[in-house]
Amino acid sequence: MRIATWNINGIKARLELLVRWLEEEKPDIVGLQEIKTVDEGFPRAEIEALGYNVETHGQKSWNGVALLSKLPFDEVHRRLPGRDEDEQARLIEGVFSVEGGVIRVCNIYLPNGNPVDTEKFPYKLEWMDRLNRFVQDRLALEEPFILMGDFNLIPAPIDAHDPAAWWGDALYRPESLEKFRILRNMGMTDALRAISAEEAYTFWDFQAGAWRRNAGIRIDHLMLSPQAADRLDDVVIHKDVRGWDKPSDHVPVEGAFSF
DNA sequence: ATGACTGGTAACACCAGA
């Protein structure tokens with residue numbers, strides 16, 4: 001089974017791009033971030049026509065996440081627990097039946113956190129604290145659990161073309177990295193790093209010729225519970241999609257699993 | 001390389017992204 005995450009950066013502006021990629025790759029489950037629409041504005045019919053079940057958690061203008069799956073959804077959960085007044089649509093989770101049990105796939109759009117001298121940065125850190133508590137509960141289930149999405153986090157110097165230029169940014173500074181380290185120390189494995197030690201990026205800015213210069217960063221991740229990591233076969237970053245017409249600034253990251 | 005783009009909303013500019 002192939003499971004992918006992709007920050008699509010506006011589903012209405014990228015429907016043609018998404019359809020092309022789904023038709024070419026035919027992934028089993030896809031998590032989208034930054035759909036930038038309310039649920040009613042999501043092009044559900046066009047995606048269903050390709051054989052996917054569709055669940056969304058949208059909001060007007062910004063954020064918003066969706067799960068597409070060839071398997072039927074047994075359960076769907078929306079919102080990150082722990083703070084009722086948080087209105088931002090950044091988490092959707094699905095549970096699916098597979099041979100021998102279930103898999104749980106949680107799709108997130110983790111807050112960017114910039115600028116760091118505004119309320120956006122403490123919001124990011126508080127969101128990561130809540131995410132870590134949520135993941136701790138999920139790990140207690142001892143299921144194959146895949147936490148994937150746009151983490152807005154550069155894990156290590158090798159994950160940026162110019163790490164010195166990023167140091168201090170909300171994506172790459174001690175407070176953010178500490179929260180991510182807690183997530184890993186709980187037992188969540190970075191799928192790409194379980195497969196490869198090579199430099200690899202998932203995002204290239206639209207500005208300053210970042211794509212042409214390969215001035216990228218790796219911020220889109222699949223993080224795996226032990227039961228999911230045991231079944232991981234491969235990870236593919238679909239870098240070529242960044243060069244297609246009207247691309248997102250992020251590319252799909254896909255994990256292949258033996259279930 | 002010091003480079004500066006894109007979508008959504010609304011209104012003919014601004015905000016947000018990373």
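In what follows, every chain begins at residue 1, and chains take the letters A, B, ... in the order their sequences are listed. The basis for the numbers below is simple: all heavy atoms, side chains too, and nothing from hydrogens, waters or symmetry mates.
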Check your understanding: Could you state the CD-P distance from Q33(A) to dA16(B), rounded to the nearest angstrom?
Key -> 20 Å
Review point. Within the structure shown, what part of the strands sits under 4.0 Å from N9(A) by heavy-atom distance: base, sugar-phosphate, or nothing?
Key: sugar-phosphate
Exercise for review: From the options dA18(B), dG7(B), dT6(B), select the nucleotide whose nearest atom is closest to the side chain of N114(A).
Suggested key: dA18(B)
**Study point:** Candidate nucleotides dA18(B), dG17(B), dG8(B), ranked by approach to the side chain of K120(A) - the nearest
**Key:** dG17(B)
Exercise for review: Starting from C1' on dC14(B), measure out to NZ on K60(A) and report it in whole angstrom.
Suggested key: 14 Å
Review point. Only one of H250(A), K36(A), E34(A), Q33(A) clears side-chain hydrogen bond (donor to acceptor under 3.5 Å, both in side chains) with N9(A); which?
Key: K36(A)
Exercise for review: Return the nearest nucleotide to the side chain of F206(A); candidates are dG7(B), dT6(B), dA18(B).
Suggested key: dT6(B)
Study note, to complete from the structure: The answer to which of P115(A) and A208(A) contacts DNA chain B further toward the 5' end, by nearest nucleotide, is A208(A)
Check your understanding: Is a salt bridge present between R138(A) and E93(A), judged by a nitrogen-to-oxygen distance below 4.0 Å?
Key -> yes
Check your understanding: To the nearest angstrom, how far is W62(A) atom CH2 from dT9(B) atom P?
Key -> 9 Å
**Study point:** Pairwise C1' distance for dA10(B) and dC14(B), with rounding to whole Å
**Key:** 9 Å
Study note, to complete from the structure: Note: for N152(A) and G10(A) on DNA chain B, the residue whose nearest nucleotide lies more 5' is G10(A)
Review point. Taking the inter-plane angle between the rings of Y172(A) and W167(A) on a 0 to 90° scale, is it parallel (under 30°), tilted (30 to 60°) or perpendicular (over 60°)?
Key: perpendicular
Study note, to complete from the structure: Of the candidates dG8(B), dA18(B), dG3(B), the side chain of F203(A) sits closest to dA18(B)
Review point. Looking across every strand, which nucleic acid part, if any, lies under 4.0 Å from D220(A) by heavy atom: base, sugar-phosphate, or nothing?
Key: nothing
Practice item. Please state how far atom CG in D205(A) lies from atom C1' in dA16(B), giving the value in whole angstrom units. Key: 12 Å
Exercise for review: Just call it for N7(A): base, sugar-phosphate, or nothing, with non-hydrogen atoms closer than 4.0 Å on any strand.
Suggested key: sugar-phosphate
Point to revise | Spacing of Y109(A) atom OH relative to dA16(B) atom P, expressed in whole Å | key: 12 Å
**Study point:** Nearest-angstrom distance, C1' atom, dG7(B) to dA11(B)
**Key:** 16 Å
Check your understanding: According to a strict under-4.0 Å criterion, is H250(A) in side-chain N/O contact with OP1 or OP2 of dG17(B)?
Key -> no
Check your understanding: Aromatic rings W21(A) and H238(A): how do their planes relate, parallel, tilted or perpendicular, breaks at 30° and 60°?
Key -> perpendicular
Review point. When you compare dG8(B) with dA18(B), how far apart are their P atoms, in angstrom units rounded to a whole number?
Key: 14 Å
Exercise for review: Figure out the NZ/P separation between K246(A) and dC5(B), and round it to whole Å.
Suggested key: 15 Å
**Study point:** Length of the line joining W211(A):CH2 and dA1(B):P, which is rounded to integer Å
**Key:** 21 Å
Practice item. Could you please name the option among dA18(B), dG8(B), dG3(B) that lies closest to any side-chain atom of R213(A)? Key: dG3(B)
Practice item. Look at all strands and tell whether K124(A) reaches a base, only sugar-phosphate, or nothing, counting heavy atoms closer than 4.0 Å. Key: nothing
Check your understanding: With rounding to whole Å, what would you report as the distance between dA13(B) and dT2(B) at their P atoms?
Key -> 31 Å
**Study point:** R242(A) CZ to dA18(B) P, straight-line distance once rounded to whole Å
**Key:** 13 Å
Check your understanding: So, does the side chain of N112(A) form a donor-acceptor pair with the base of dA18(B) at under 3.5 Å?
Key -> yes
Review point. In terms of the angle between their ring planes, are F257(A) and F259(A) parallel, tilted or perpendicular, with boundaries placed at 30° and 60°?
Key: parallel
Review point. Is there a donor-acceptor pair closer than 3.5 Å between any side-chain N or O of R14(A) and the backbone N or O of K246(A)?
Key: yes
